[in-house]
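Here is the structure we will look at.
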Protein chains: 2
Amino acid sequence: MGTTQLETAPEPKYWHLKTVLSEALDSEFAVGEILPNERELAARFGVARATLRQALEQLELEGRLQRRRGVGTTVAPPRMGVAVDPARHTWPGAPGDDWQPLDAVETETVPAAVARLLESVPGDRVHIVRRSRVTGGQPVAAELLYVSSALVPARSTLTPLGAPARARAVLNALQESELEGQDRTVELGSACAQDAKELDRLPGAPVLVVTTRYVSGGRTAAVAVSTYRADTCRLTFGESDAVALLAG
Amino acid sequence: MGTTQLETAPEPKYWHLKTVLSEALDSEFAVGEILPNERELAARFGVARATLRQALEQLELEGRLQRRRGVGTTVAPPRMGVAVDPARHTWPGAPGDDWQPLDAVETETVPAAVARLLESVPGDRVHIVRRSRVTGGQPVAAELLYVSSALVPARSTLTPLGAPARARAVLNALQESELEGQDRTVELGSACAQDAKELDRLPGAPVLVVTTRYVSGGRTAAVAVSTYRADTCRLTFGESDAVALLAG
DNA sequence: TAGTGGTCTAGACCACTAT
DNA sequence: TAGTGGTCTAGACCACTAT
């Protein structure tokens, strides 16, 4: 009779709900369309609002829905393909790099993980360049780029400049250090308050954290921590953009 | 008086709780240690259990905690660095590839997104190889590798073989097609029931979905959809394993 | 069998958006 | 000001693990 061991456990309501909603999104809704509100959807499916919200949260995590407080829940467009390394090795500030420099500050306090990558010791000074990335009019990523002060002209040269110009000056200095390699990690994170604001999301929203280490002369010259919206972005890597183009 | 516009909004309880717990984890707990149970923690902090759970969920998402039903909540070890492309271009089944082939089936039904990447038309047959990846005794990823049947010897050659041998035969055929390039995407997903079972998680658990396209003779020879546990893995890319080694 | 995290309910109130 | 999603409560019961 095919006694399958584990099918005795009933499927949770929110999981079933997610499936039903997912199919409805495919067949009955267009991108951008507004769904009925949570109270009405919950009543329609005969579940508590919290249960309905569990299903919506999953669908938002998968990039199928977008929820905005005070506005409503809309059907999300397919995720954007975002090239993490547009050409093979695009250096910060070089042509093909579509990050916008915002400002730069010099400091001694960097996160422990970054200090480890930079092989810096307490007291070493570091420039932090803030950059943002916008695609299709929408913010997709925020970045903090940490550059060893050893590579950058003395502060006195920078201080008279405006914030974006100061940021560009640090990027230029980084490029002159003749970067020769990079490696990366990607992991799941949740947006801190500042990232959330820049990405137009609530704090805690899921993000893909890309940590890039730039190598120059065998040493780590800079570390970038880039925070991408996980709901709207699909990161693309590699030789061609074919995956990005086709999988849309 | 520094009237900051947005600081009027009070910090949610669960957010504050997350911060407090996070600091406690850093200073007062060792990896693997069991936390007090949810009912006790909620009472201790004077919040409802649901609120406490919101904080724990965030910490689990960030890889700080591991929760297991019937067992308890433990302090998670730092995420493992998992090399997505160990050497530059490691082909499926080649030396350096640490995926374990499980079995292989031939079918006509593939997900729409995969069919698009394979440029296959309805009726085209495809081999699906299931593989799994284990690191440090723990399952970290599950994969479905889709290979155009055009590249694989006739079915009659394969049927007498056992499941893992059949899978290896398909991988061998793929290697003989002289793969010459690959590109990838990474995005956030949630584990389907089958992946969840293989990864020892509950359905819906957050995963990093890596889609790899293997190119041979200018055409897409195969597509791999690999599902990594987002709680325990940090994906590493690039020339050296330095990031993986240092960021631990 | 006792203890754990997972699911679910039926409310209440709040922050935010748009009008 | 009305309507939305976000936060929070105080319960109940269930599935699972270990003993």
Side-chain angles (χ1 to χ4, degrees), chain A residues 5-19 21 33-61 65-76 190-191 193 196-197 200-206 231, chain B residues 5-19 21 33-61 65-76 190-191 193 196-197 200-206 231:
Chain A
Q5 312 165 323
L6 290 156
E7 269 173 297
T8 47
E11 195 174 54
K13 276 189 188 178
Y14 78 90
W15 188 261
H16 179 243
L17 213 61
K18 185 192 137 184
T19 311
L21 283 168
E33 201 169 334
I34 303 180
L35 265 61
N37 72 51
E38 296 185 351
R39 288 158 182 88
E40 171 159 357
L41 278 177
R44 194 179 295 185
F45 287 106
V47 298
R49 196 179 148 217
T51 304
L52 186 266
R53 277 178 62 81
Q54 243 181 305
L56 295 183
E57 258 150 42
Q58 285 259 349
L59 289 168
E60 191 177 32
L61 196 80
L65 292 178
Q66 182 154 9
R67 299 189 290 170
R68 274 172 302 175
R69 171 153 53 172
V71 180
T73 301
T74 54
V75 180
S190 56
K197 206 178 290 182
D200 193 25
R201 300 259 62 198
L202 288 181
D231 55 343
Chain B
Q5 312 165 322
L6 290 156
E7 268 173 297
T8 47
E11 195 174 55
K13 277 189 188 179
Y14 78 91
W15 188 261
H16 180 243
L17 212 60
K18 184 192 136 183
T19 311
L21 283 168
E33 200 168 337
I34 302 179
L35 266 61
N37 72 51
E38 296 184 351
R39 288 158 182 89
E40 172 159 356
L41 278 177
R44 195 179 296 185
F45 287 108
V47 300
R49 196 179 148 216
T51 303
L52 185 267
R53 278 179 60 82
Q54 243 181 306
L56 295 184
E57 258 150 43
Q58 285 258 351
L59 289 169
E60 191 178 33
L61 195 81
L65 291 179
Q66 182 155 8
R67 299 189 290 170
R68 273 172 304 175
R69 170 153 53 172
V71 180
T73 301
T74 55
V75 181
S190 55
K197 206 178 291 182
D200 192 25
R201 299 260 64 199
L202 288 182
D231 55 342

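Convention: sequence-line order gives letters A, B, ...; per-chain numbering from 1.
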Check this one for me: any side-chain N or O of [X] less than 4.0 Å away from OP1 or OP2 of [N]?
X	N	result
R68(A)	dT4(D)	no
T73(A)	dT4(D)	no
Y14(B)	dC8(D)	no

Rounded distance (nearest 0.5 Å) linking atom [atom1] of [X] with atom [atom2] of [Y]:
X	Y	atom1	atom2	answer
D231(A)	R201(A)	CG	CZ	4.5 Å
L59(B)	S190(A)	CG	OG	8.0 Å
T51(A)	W15(A)	OG1	CH2	15.0 Å
L17(B)	E11(B)	CG	CD	10.5 Å
T73(A)	E60(A)	OG1	CD	7.5 Å
R49(B)	L52(B)	CZ	CG	8.5 Å

Who passes side-chain hydrogen bond (donor to acceptor under 3.5 Å, both in side chains) against E57(A), sequence neighbours left out?
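side-chain hydrogen bond (donor to acceptor under 3.5 Å, both in side chains) list for E57(A), sorted by chain: empty.
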E33(B): partners by side-chain hydrogen bond (donor to acceptor under 3.5 Å, both in side chains), with sequence neighbours left out:
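If we apply the side-chain hydrogen bond (donor to acceptor under 3.5 Å, both in side chains) test to E33(B), skipping adjacent residues, there are no hits.
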Given L65(A), which of T74(A), L35(A), L21(A) fulfils the side-chain contact (heavy atoms from CB on, under 4.5 Å) condition?
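With L65(A) as partner, side-chain contact (heavy atoms from CB on, under 4.5 Å) holds for just one option, L35(A).
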Quick check: does any side chain N or O of Q58(A) sit under 3.5 Å from a backbone N or O of K18(A), one acting as donor and the other as acceptor?
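No: the side chain of Q58(A) does not pair with the backbone of K18(A).
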Stretch residues 44-59 of chain A: residues that reach within less than 4.0 Å of DNA chain D through a heavy atom
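Correct list: R49(A), R53(A).
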Contact list for DNA chain D against residues 34-43 of chain B - heavy-atom distance below 4.0 Å:
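Going residue by residue through residues 34-43 of chain B, the ones with a heavy atom under 4.0 Å of DNA chain D turn out to be R39(B).
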To the nearest Å, how far apart are [X] [atom1] and [N] [atom2]?
X	N	atom1	atom2	answer
K13(B)	dC14(C)	NZ	P	12 Å
R67(A)	dG3(D)	CZ	C1'	16 Å
D200(A)	dC16(C)	CG	P	13 Å
E11(A)	dC14(D)	CD	C1'	16 Å

According to a 3.5 Å limit on both distances, what stems of 3 or more consecutive Watson-Crick or G-U pairs are formed with DNA chain C?
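If one scans DNA chain C for consecutive Watson-Crick or G-U pairs, the stems found are C:1-18 with D:1-18.
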For nucleotides 17-19 of chain D, which of its nitrogen or oxygen atoms have a protein nitrogen or oxygen under 3.5 Å away, and what is each distance?
none

